[in-house]
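Scope of the values below: all heavy atoms of this structure, side chains included, with no hydrogens, waters or symmetry mates. Per chain, numbering begins at 1; letters A, B, ... match sequence-line order.
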Amino acid sequence: MAQKPSIPKGTRDFSPAEVAKRNYIFGKIKSQFKNFGFQPIETPSFENSDTLMGKYGEEGDRLIFKILNSGDFLKKADEKLLQEKDSLKITSSISEKALRYDLTVPFARYVVQHQNEIDFPFKRYQIQPVWRADRPQKGRFREFFQCDADVVGSKSLWQEVEFVQLYDAVFDSLGLKGVTIKLNNRKVLSGFAEVIGEQDKLIDFTVALDKLDKIGEEGVKKEMREKGIAEIALEKIQPIFNLQGDFGQKIQGIKDILATSEIGKAGIAELEFIEKAIAAIPLKSAKLELDVTLARGLNYYTGAIFEVAAPEGVKMGSIGGGGRYDDLTGIFGLKDMSGVGISFGLDRIYLVLEELGLFPETVTENTRVLFINFGEEEALYALKVISELRRNKIVAELYPDAAKMNKQMKYADKREIPFVVLAGGEEMQQEKFTLKNMKTGEQYTISATELMEKIS
RNA sequence: GUGGUUGUAGCUCAGCUGGUUAGAGCGCCGGAUUGUGGUUCCGGAGGUCGCCGGUUCGAAACCGGUCUUCCACCCCA
């Protein structure tokens, strides 16, 4: 056998069954997006490098796939950097395009570029693949789909409320009950940093805090100390390690800590607004939870931060995330354009639905009826009815070769086609068809009209 | 990017401290059954053991490199 071909690390092929299941999820998400009034846009797979570089932090730049310039790219490369073999610096002189890393930054670019054609507030959704040069793990790929819904041009907190409802609506329609929508607010995190006098270490502080559920209280404190956060500061924020109870009780717990912080109090007010609205219009099956350790997400979040966790017992990273960013388009020169949005991780949702057996059986059903091929005349006889069936939206097909019956039947069985029609010389004379139900084994010889009724 | 792990038939895997022609189950193909699949029985095909190099009289096994898989870190959907 020749050397088997392969695909790059972290990419996947999808079989017909997998595509059917993925389309099922896409369909549910898309239909809720539309239901909430979002409109679709699409952007190119690759952008100019300077649109993407520097927008995701140092770590992000490393994970962006760069596209080599076409032609003799070494000729135009910086001679000195080439000599020095400085990969980091040479990149910009041999690559000026890169694959998109997420959908949010390209969206910001889109908004700025088309600002005069857009009616604000602009609600858009976008379902496209993104690429990251990450090391693959379970539920982590180098090519994967994001399903984003964002609103730009409104600071209203009702948007946040709607996004919580949107998450709930999507997961409910997928039959995925018991997901937890975790909510936090950047202003609360800033408040913590302010109260302990470590504003300049906000990022280090939040990154460490975010790991609470993973490395525990002591682990977090250890990391904070390593980052130079004072012992007395740790004492001050001690209560956030002991928060318990429901949303309201947790809010009470942080109110005391943030009493002296204006920004912290603003954050609390936002959280309370959202909670109150959701309490008034209950969610169908998701839980809304305050999680002050939630700091995930990109540096540009300024208000609400969302993350969705799979139901308890399912080992999977977050299946969605999002937040408010007051100045995303600022980096492209458009000021005062607040945005808020959420993202669904299609590939991870797929894995969760698969694990819990939540895909409806009908998702993968393809052909409804297969006609056995007995020869030229019989095939023509069959094809006439097949055309009629297709006009009635019944998926029907003829086995292409007059192969042995055994082979044709096996084929139908393997593909789990529920009905088979046998029409040979005898049936042709009577202008009838023998219909076999593959599940029960029953079969009848009936007319074309009856056939249509039986299998529709 | 750092550390670890995995790779043997189409699939899931066995293969002892290195020892002749590398096995199983499932699947595939053919037959029993030329108008009846899913069960059964009989027969058959299919592998330069991920790839490259090294050690050895001898390598699927040991060593190095590389690619791939999964895991932890980093980060994240």
Side-chain angles (χ1 to χ4, degrees), chain A residues 1-12 15 25 29 56-64 87-88 101-104 127-148 203 207-208 210-211 214-215 219 223 294-299 306-310 315-323 341-352 370-375 378 399 402-428 433-443 445:
Chain A
M1 199 199 319
Q3 174 79 30
K4 264 195 210 166
S6 64
I7 56 175
K9 184 200 291 213
T11 65
R12 296 148 303 157
S15 65
I25 302 174
I29 293 175
Y56 309 99
E58 221 176 293
E59 196 63 26
D61 282 358
R62 203 196 79 212
L63 299 176
I64 292 172
S87 312
L88 214 61
Y101 176 88
D102 73 356
L103 301 178
T104 309
I127 298 178
Q128 290 190 280
V130 303
W131 296 268
R132 297 186 184 176
D134 207 354
R135 283 229 182 150
Q137 282 178 37
K138 184 178 181 182
R140 234 177 151 167
F141 309 96
R142 297 182 117 177
E143 176 183 62
F144 62 97
F145 269 79
Q146 283 190 335
C147 313
D148 275 28
I203 300 288
V207 165
D210 187 51
K211 295 178 187 164
K214 219 168 189 176
I215 60 178
E223 184 165 331
L294 181 61
R296 295 287 177 89
L298 309 166
N299 305 330
F306 301 109
E307 181 169 304
V308 182
K315 268 190 94 181
M316 180 60 64
S318 65
I319 55 177
I342 59 173
S343 181
F344 291 83
L346 171 101
D347 299 274
R348 290 189 177 178
I349 294 170
Y350 182 105
L351 292 170
V352 171
L370 178 78
F371 283 67
I372 301 295
N373 188 331
F374 288 106
E378 292 90 337
Y399 193 90
K404 281 187 184 171
M405 171 83 110
N406 185 284
K407 187 166 179 161
Q408 299 192 44
M409 291 299 285
K410 264 194 176 156
Y411 179 76
D413 191 52
K414 283 279 160 55
R415 284 189 48 195
E416 297 184 328
I417 295 172
F419 295 100
V420 164
V421 168
L422 301 95
E426 250 176 70
E427 283 89 348
M428 283 171 74
F433 300 86
T434 297
L435 173 71
K436 172 161 181 148
N437 181 324
M438 293 297 277
K439 209 160 194 177
T440 62
E442 292 172 305
Q443 62 182 57
T445 301

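Rounded to whole Å, the separation between the P atoms of B/C67 and B/A22 comes to 31 Å. Going from the C1' atom of B/C51 to that of B/U68 covers 10 Å, rounded to whole Å. Taking atom C1' in both B/U48 and B/G44, the straight-line distance is 23 Å, to the nearest Å. Between B/A14 and B/G7, the two P atoms lie 8 Å apart (nearest whole Å). Look at the P atom in both B/U5 and B/C49: the space between them is 23 Å, to the nearest Å. With P as the reference atom, B/C11 and B/C74 are 35 Å apart, rounded to whole Å. Across B/C75 and B/U12, the matching P atoms stand 34 Å from one another, rounded to whole Å. Spacing between B/A45 and B/G23 at atom P, rounded to whole Å, works out to 13 Å.
Residue A/Lys211 places at least one side-chain N or O closer than 4.0 Å to OP1 or OP2 of B/C74. Taking side-chain N and O atoms only, A/Lys214 has a distance below 4.0 Å to OP1 or OP2 of B/C73. Put simply, A/Asn406 has no side-chain N or O that comes within less than 4.0 Å of OP1 or OP2 on B/U33. Taking side-chain N and O atoms only, A/Gln137 has a distance below 4.0 Å to OP1 or OP2 of B/A72.
If you measure from atom CZ of A/Arg348 to atom P of B/C75, you get 15 Å, rounded to the nearest angstrom. Rounded to whole Å, atom P of B/G35 lies 15 Å from atom OH of A/Tyr399. One atom, CG of A/Asp134, and another, P of B/A72, lie 13 Å apart when rounded to the nearest Å. Per the geometry, CG belonging to A/Leu63 stands 13 Å off P belonging to B/U2, to the nearest Å. Atom NZ in A/Lys407 sits about 15 Å away from atom C1' in B/U34, given to the nearest Å. Regarding A/Arg140, its CZ atom lies at a distance of 10 Å from the P atom of B/C71, rounded to whole Å. The distance from atom CG of A/Leu370 to atom P of B/U36 is 16 Å, rounded to the nearest whole Å. The distance between atom CD1 of A/Ile7 and atom C1' of B/C67, rounded to the nearest whole Å, is 14 Å.
Between the side chain of A/Asp413 and the base of B/G37, at least one donor-acceptor pair of N or O atoms lies under 3.5 Å. Side chain A/Lys404 to base B/U34: no donor-acceptor pair is found below 3.5 Å. Contact of A/Arg135 with B/U69 (side chain to base): no donor-acceptor pair of N or O atoms is detected under 3.5 Å.
If you check B/C57 for Watson-Crick or wobble pairing at under 3.5 angstrom, you find it paired to B/G19. With both pairing distances under 3.5 Å, B/C26 is matched to B/G10 as a Watson-Crick or G-U wobble pair.
When distances are taken from the side chain of A/Arg132 to each of B/C75, B/G35, B/A77, the shortest belongs to B/A77. Of the candidate nucleotides B/G35, B/G37, B/C74, B/G37 has the atom lying nearest to any side-chain atom of A/Lys436.
Between the A/Arg132 side chain and the A/Arg142 main chain, no donor and acceptor come within less than 3.5 Å of each other. Between the side chain of A/Gln128 and the main chain of A/Leu103, no donor-acceptor pair closer than 3.5 Å is present.
A donor-acceptor contact closer than 3.5 angstrom is absent between the side chains of A/Thr434 and A/Gln443.
Looking at heavy-atom distances under 4.0 Å, A/Gly10 makes contact with sugar-phosphate atoms alone, never a base. In this structure, A/Val130 reaches neither bases nor backbone, as no heavy-atom distance under 4.0 Å exists between it and the strands shown. Residue contacts for A/Gly320: at a heavy-atom cut-off of 4.0 Å it reaches the sugar-phosphate backbone alone, with no base atom in range. Residue-level contact check: A/Lys439 touches the bases, meaning some heavy atom is under 4.0 Å from a base atom. Counting non-hydrogen atoms under 4.0 angstrom, A/Phe141 reaches a base of the nucleic acid. The residue A/Glu427 sits close to a base: some heavy atom pair falls under 4.0 Å. Residue A/Lys9 is in sugar-phosphate contact alone, with no base atom involved, counting any heavy-atom pair closer than 4.0 Å across all strands shown. Note on A/Ser343: nothing from the nucleic acid sits closer than 4.0 angstrom, heavy atoms only. Note on A/Gln408: nothing from the nucleic acid sits closer than 4.0 angstrom, heavy atoms only.
RNA chain B is contacted by both A/Gln146 and A/Phe374; A/Phe374 maps to the nucleotide lying nearer its 5′ end (nearest heavy atom per residue). Taking for each of A/Thr11 and A/Ile215 the nucleotide of RNA chain B with the nearest heavy atom, the 5'-most of the two is the partner of A/Thr11.
Interatomic distance, CZ of A/Phe141 versus NZ of A/Lys9, reported as 14.5 Å (0.5 Å rounding).
Between A/Phe144 and A/Asp347, the shortest heavy-atom distance links the atoms CB-OD2, 3.1 Å. Heavy-atom minimum distance, A/Arg62 versus A/Ala133: O-CB, 4.4 Å. Considering all non-hydrogen atoms of both residues, A/Ser318 and A/Arg348 come closest at O-NH1, 3.0 Å.
Between the side-chain ring of A/Phe144 and the base of B/A77, a stacking contact exists by the 5.5 Å and 30° definition.
Classification of the A/Tyr56-A/Tyr101 ring pair by plane angle, with boundaries at 30° and 60°, yields tilted.
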